[in-house]
Amino acid sequence: MTFFEIADLCAGYGTGQVLFDVSLDIERGEVVSLLGRNGAGKSTTMRCVAGAKPPYVQDGAIRLDGDDVTDLKTYERINRGIGYVPEERRVWPGLTISENIRMAINNADDPLSMDEVMGYFPRLRELGDKAARNLSGGEQQMLAIGRALASNPEIMLMDEPSEGLAPFIVRDVENIITTLNEEEGLTIFLVEQNVVMAMDVSDRHYFIDQGSIVDEMTPNELRASPDLRKKYLSV
Ligand SMILES: Nc1ncnc2c1ncn2[C@@H]1O[C@H](COP(=O)(O)OP(=O)(O)O)[C@@H](O)[C@H]1O
Ligand SMILES: [Mg+2]
């Protein structure tokens, strides 16, 4: 059985349709990235999986380990094992680092402990009492990842975690993705515009263009296809 599956998903905002029969699957333990230009429907796909609204699912299904999660509420999905690091890392700015993590721990049925979360982020542990709004972009990204991790997910969705970060910080993000995947067996569904970063960390890529999945390939196949990168990604 497929671990995670999006099957013929149609979704949109109001009456406008943005996703057209999007289907993809992810095996347990894989890192899979969804690539595509700005406006292609990447965040819409992730928000459908996380249960964030809008967008609204019009048709199709999302399944985790055989369970249909399409109609679950956001908090039910968190407890079902779907962690979500949204675009623009929406941490709670007025709360400290520890309070941000504590909030996620308190809201989960089967969370990690504060120590378990902080164990992955030594830098955040040092800064524990600092308000989130005073963190650098990279630190906020780590906090957003830590907060999603606190609920002890089986699959983690990450929407453009490298966005707006300096290259050496992007490497930190890559490292945490690889660590969580390799050491914890966490399955990761990644959206990225940074193709080089995505090729470094992913097992497979899907391409989305104008709301439809148009291709699927390995990083090696993508490295060998500069024409595809131009066609779907303009890089
Ligand atoms: N809140 C919204 N209301 C209406 N249309 C939206 C909304 N968010 C995104 N869209 C539209 O949905 C399409 C896909 O957007 P999105 O999924 O954010 O793309 P990506 O993440 O690939 O850049 C775009 O045409 C965008 O304008
Ligand atoms: Mg987006």
Side-chain angles (χ1 to χ4, degrees), residues 1-7 9 22-36 40-50 62-65 69 77-78 80-87 89 112 117 119-121 138 141-163 165 167-208 213-225 228-229 232-233 235:
M1 181 180 48
T2 310
F3 175 59
F4 174 77
E5 182 181 23
I6 300 177
L9 181 66
V22 166
S23 294
L24 59 84
D25 50 70
I26 304 179
E27 294 304 325
R28 195 188 282 276
E30 268 194 311
V31 179
V32 171
S33 52
L34 180 62
L35 307 176
K42 304 181 298 297
S43 296
T44 303
T45 303
M46 284 228 150
R47 291 174 63 84
C48 286
V49 177
I62 298 159
R63 298 187 195 97
L64 180 64
D65 228 356
V69 301
R77 293 182 209 222
I78 292 172
R80 183 60 193 76
I82 300 176
Y84 176 43
V85 183
E87 234 173 349
R89 26 186 188 270
L112 299 184
V117 176
Y120 291 100
F121 307 96
Q141 187 61 70
M142 291 301 162
L143 178 55
I145 296 170
R147 194 178 55 174
L149 187 65
S151 60
N152 196 11
E154 294 185 54
I155 183 168
M156 176 103 96
L157 318 174
M158 303 175 86
D159 194 343
E160 296 204 36
S162 79
E163 210 216 335
L165 302 183
F168 69 99
I169 310 286
V170 172
R171 218 159 311 133
D172 289 347
V173 175
E174 279 190 34
N175 287 340
I176 190 76
I177 289 174
T178 305
T179 301
L180 293 174
N181 176 247
E182 289 180 357
E183 290 176 19
E184 301 306 314
L186 188 62
T187 306
I188 292 173
F189 182 30
L190 177 69
V191 157
E192 261 304 332
Q193 299 245 28
N194 183 337
V195 184
V196 174
M197 186 269 210
M199 289 191 296
D200 279 347
V201 299
S202 304
D203 296 303
R204 283 189 299 129
H205 308 291
Y206 283 96
F207 281 87
I208 187 169
I213 299 289
V214 289
D215 220 331
E216 187 221 322
M217 67 190 67
T218 64
N220 279 339
E221 288 166 333
L222 181 55
R223 282 189 191 95
S225 315
L228 268 181
R229 298 215 288 272
Y232 297 133
L233 307 169
V235 288

Exercise. Heavy-atom distance under 4.5 Å between the side chains of Tyr206 and Val22, does that happen here?
Worked result: no
Exercise. Under 4.0 Å between a Lys/Arg side-chain N and an Asp/Glu carboxylate O for Glu154 and Arg28?
Worked result: yes
Exercise. So do the side chains of Ile145 and Leu180 get within less than 4.5 Å of each other, counting heavy atoms only?
Worked result: yes
Exercise. Is there a donor-acceptor contact under 3.5 Å from the side chain of Glu192 to the main chain of Ser162?
Worked result: yes
Problem set entry | Value rounded to 0.5 Å, distance of CD in Glu160 from CG in Leu190 | 9.0 Å
Problem set entry | Glu216 side chain near Leu24 side chain, heavy-atom distance below 4.5 Å | no
Exercise. Quick check: does any side chain N or O of Asp25 sit under 3.5 Å from a backbone N or O of Glu5, one acting as donor and the other as acceptor?
Worked result: no
Exercise. Side-chain contact, heavy-atom cut-off 4.5 Å: Val173 with Met142?
Worked result: yes
Problem set entry | Working for side chain to side chain contact (heavy atoms under 4.5 Å, CB included), residues Met197 and Ile177 | CA-CA 11 Å; Met197 186 269 210; Ile177 289 174; 3.9 Å; yes
Exercise. Less than 4.5 Å apart, any side-chain heavy atom of Asp65 and any of Phe3?
Worked result: yes
Problem set entry | Carboxylate-amine/guanidinium contact Arg47 Asp159, below 4.0 Å | no
Problem set entry | Taking every non-hydrogen atom, the tightest pair across Gln141 and Pro161 | OE1-O, 3.1 Å
Exercise. Just by modelled atom types, is the Leu186 backbone N or O under 3.5 Å from a matching donor or acceptor in the Asn181 side chain?
Worked result: yes
For this session: State, with a plain yes or no, whether a side-chain heavy atom of Leu35 is found less than 4.5 Å away from one of Leu222.
Result: yes
Problem set entry | Whether Arg223 side chain and Met199 backbone form a donor-acceptor pair below 3.5 Å | yes
Exercise. Which atom names give the shortest non-hydrogen contact between Ser33 and Ser202, and what distance separates them?
Worked result: OG-OG, 3.0 Å
Exercise. Can you list every pair that meets salt bridge (charged side-chain N to carboxylate O under 4.0 Å, His left out) and has a residue in residues 172-181, with sequence neighbours left out?
Worked result: none
Exercise. Checking Thr187 side chain against Gly29 main chain: does a donor-acceptor pair fall under 3.5 Å?
Worked result: yes
Problem set entry | Evaluation steps, side chain to side chain contact (heavy atoms under 4.5 Å, CB included), between Val32 and Phe4 | CA-CA 11 Å; Val32 171; Phe4 174 77; over 6 Å; no
For this session: Measure the shortest side-chain to side-chain distance between Thr2 and Glu27 over non-hydrogen atoms and say whether it is less than 4.5 angstrom.
Result: yes
Exercise. Is there a donor-acceptor pair under 3.5 Å between the side chain of Lys42 and the backbone N or O of Gly36?
Worked result: yes
For this session: Check whether any side-chain heavy atom of Ile78 lies under 4.5 Å from a side-chain heavy atom of Tyr84, and answer yes or no.
Result: no
